[in-house]
Asker: 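One structure, as structure tokens, below. Some questions next.
Worth knowing before you read on, the calculation uses all heavy atoms, side chains too, and leaves out hydrogens, waters and symmetry mates.
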Amino acid sequence: MGRWEPNTRERLAKAALDLYGERGFEQTTVAEIAKSAGLTERTFFRHYADKREVLFSGAIELEQLFTRAVAGAPPSAAPIDAMAAGLDAICAVFEERRDFARKRQAVISATAELRERELIKLASLAAALTDTLRGRGVPPSVASLTAETGVAVFKVAFERWIVADETRPLDRLARESLDELRAVALGGNAPMSEV
């Protein structure tokens, strides 16, 4: 039977995203998601706490990857360079999932409850990065500013990356956004990104 196949979680996520795109998040039920994936509601709840978690289930792993990369940057790296190492690490995860990311973001953008949940997840990420930077010996205010900046750089790069006609890789867009931020911080004009 299909419910015992090893890709159950991915099947549920794909079915949910397809239904959210067709009907809207609020109009889609867990029962419909499970049925569309050829599974039972019980199976759905073994993999996801609720229908929102289909969209946010990777947040903990992403946070761990980001913080490990920041923590693992060379000890001599400036805080912003440690953040750049973290950005490189998480961008690599997204690169193979551009279509999923575009669809996911469209669903989130269309639903206030999901936009709020996304902001909470980003705030949690910034807090974890702040703690990681503090663990590297970065003063608290600098750690907080750097972490918030890193999340903002990722958010700007991600928003560019999911645009329908964008073909550049996410890591390149993140580096461009970081370079633009550095130029602004130095009092110059930000370099013009490729459009």
Side-chain angles (χ1 to χ4, degrees), residues 1-72 85-126 128-129 132 150-151 154-174:
M1 286 183 97
R3 67 181 174 185
W4 300 111
E5 291 179 20
N7 64 348
T8 299
R9 194 169 172 83
E10 293 80 14
R11 287 170 50 205
L12 286 165
K14 182 184 180 326
L17 204 55
D18 289 347
L19 289 170
Y20 296 161
E22 292 168 17
R23 300 179 184 173
F25 173 79
E26 293 166 346
Q27 292 74 31
T28 302
T29 67
V30 168
E32 291 167 332
I33 295 167
K35 182 178 179 184
S36 179
L39 301 163
T40 65
E41 280 185 75
R42 184 174 175 185
T43 300
F44 178 94
F45 287 115
R46 271 193 237 125
H47 292 276
Y48 298 103
D50 59 39
K51 67 181 190 173
R52 291 174 303 181
E53 282 309 303
V54 172
L55 301 167
F56 298 102
S57 65
I60 292 170
E61 292 84 3
L62 185 69
E63 182 178 297
Q64 291 170 343
L65 177 63
F66 205 157
T67 57
R68 274 195 312 268
V70 170
L87 287 166
D88 287 343
I90 64 167
C91 287
V93 170
F94 283 91
E95 202 53 51
E96 298 298 318
R97 300 178 51 100
R98 189 181 295 222
D99 187 52
F100 180 87
R102 284 177 174 151
K103 290 177 182 177
R104 176 190 176 275
Q105 199 59 43
V107 171
I108 290 170
S109 295
T111 310
E113 171 190 354
L114 298 176
R115 289 192 306 271
E116 181 179 351
R117 180 80 168 246
E118 179 90 327
L119 290 173
I120 291 168
K121 296 285 186 178
L122 291 173
S124 174
L125 176 59
L129 289 167
T132 301
V151 170
F154 176 74
K155 188 173 179 291
V156 168
F158 185 82
E159 288 169 357
R160 290 177 179 170
W161 181 68
I162 61 171
V163 172
D165 60 348
E166 180 58 67
T167 59
R168 291 173 290 169
L170 181 56
D171 63 343
R172 181 172 167 197
L173 293 168

Asker: At what distance, to the nearest 0.5 angstrom, does CG of Leu114 lie from CD of Glu26?
Answerer: 7.5 Å
Asker: Calculate, to the nearest 0.5 Å, the distance between atoms CZ and CG belonging to Arg160 and Leu170 respectively.
Answerer: 11.0 Å
Asker: Give the minimum heavy-atom separation between His47 and Thr43, together with the two atoms involved.
Answerer: CD2-O, 3.1 Å
Asker: Kindly determine whether Phe25 and Val54 satisfy side chain to side chain contact (heavy atoms under 4.5 Å, CB included), including the steps that lead there.
Answerer: CA-CA 11 Å; Phe25 173 79; Val54 172; over 6 Å; no
Asker: Under the criterion side chain to side chain contact (heavy atoms under 4.5 Å, CB included), I'd like the reasoning laid out for Trp161 against Glu95: C-alpha separation, chi angles, the key distance, then a yes or no.
Answerer: CA-CA 10 Å; Trp161 181 68; Glu95 202 53 51; 3.5 Å; yes
Asker: Indicate yes or no for a side-chain donor-acceptor contact from Thr132 to the backbone of Ala128 under 3.5 Å, with no hydrogens or angles considered.
Answerer: yes
Asker: Identify the heavy atoms of Thr29 and Glu32 that sit nearest to each other, and give their distance.
Answerer: N-OE1, 2.9 Å
Asker: How far does CZ of Arg98 sit from CZ of Arg102, to the nearest 0.5 angstrom?
Answerer: 5.0 Å
Asker: Looking only at non-hydrogen atoms, find the nearest pair between Ala69 and Ala85 and report the distance.
Answerer: CB-O, 3.7 Å
Asker: Might you work through the side chain to side chain contact (heavy atoms under 4.5 Å, CB included) test for Glu166 and Leu173, ending with a clear yes or no?
Answerer: CA-CA 10 Å; Glu166 180 58 67; Leu173 293 168; 4.0 Å; yes
Asker: Could you tell me whether the side chain of Lys51 and the main chain of Thr28 form a donor-acceptor pair under 3.5 Å?
Answerer: yes
Asker: Measure up the Phe154 and Phe94 rings against each other and bin them: parallel (under 30°), tilted (30 to 60°), perpendicular (over 60°).
Answerer: tilted
Asker: Could you tell me the separation between the CZ atom of Phe158 and the CG atom of Leu87, rounded to the nearest 0.5 Å?
Answerer: 13.5 Å
Asker: Can you tell me if Ile60 has over 12 outside heavy atoms packed within less than 6.0 Å of its CD1?
Answerer: no
Asker: So how far is it from Lys121 NZ to Glu116 CD, rounded to the nearest 0.5 Å?
Answerer: 12.5 Å
Asker: Is there a donor-acceptor pair under 3.5 Å between the side chain of Thr67 and the backbone N or O of Gln64?
Answerer: yes
Asker: Any sub-3.5 Å donor-acceptor pair from Tyr48's side-chain atoms to Arg9's backbone N or O?
Answerer: yes
Asker: Looking at Lys14 and Glu10, does any basic side-chain N land under 4.0 Å from a carboxylate oxygen?
Answerer: no
Asker: Shortest non-hydrogen contact from Gly38 to Arg11?
Answerer: O-NH2, 3.9 Å
Asker: Mind listing the closest non-hydrogen atom pair of Leu12 and Ala37 along with its distance?
Answerer: CD2-CB, 3.9 Å
Asker: Distance check, rounded to the nearest 0.5 Å: Leu19 atom CG versus Gln27 atom CD?
Answerer: 11.5 Å
Asker: Evaluate side chain to side chain contact (heavy atoms under 4.5 Å, CB included) for Tyr20 paired with Leu55, printing each intermediate quantity in order.
Answerer: CA-CA 10 Å; Tyr20 296 161; Leu55 301 167; 4.1 Å; yes
Asker: So that I can tick it off, tell me whether Glu118 and Arg104 are bridged by a salt bridge, with the cut-off set at under 4.0 angstrom between side-chain N and carboxylate O.
Answerer: yes
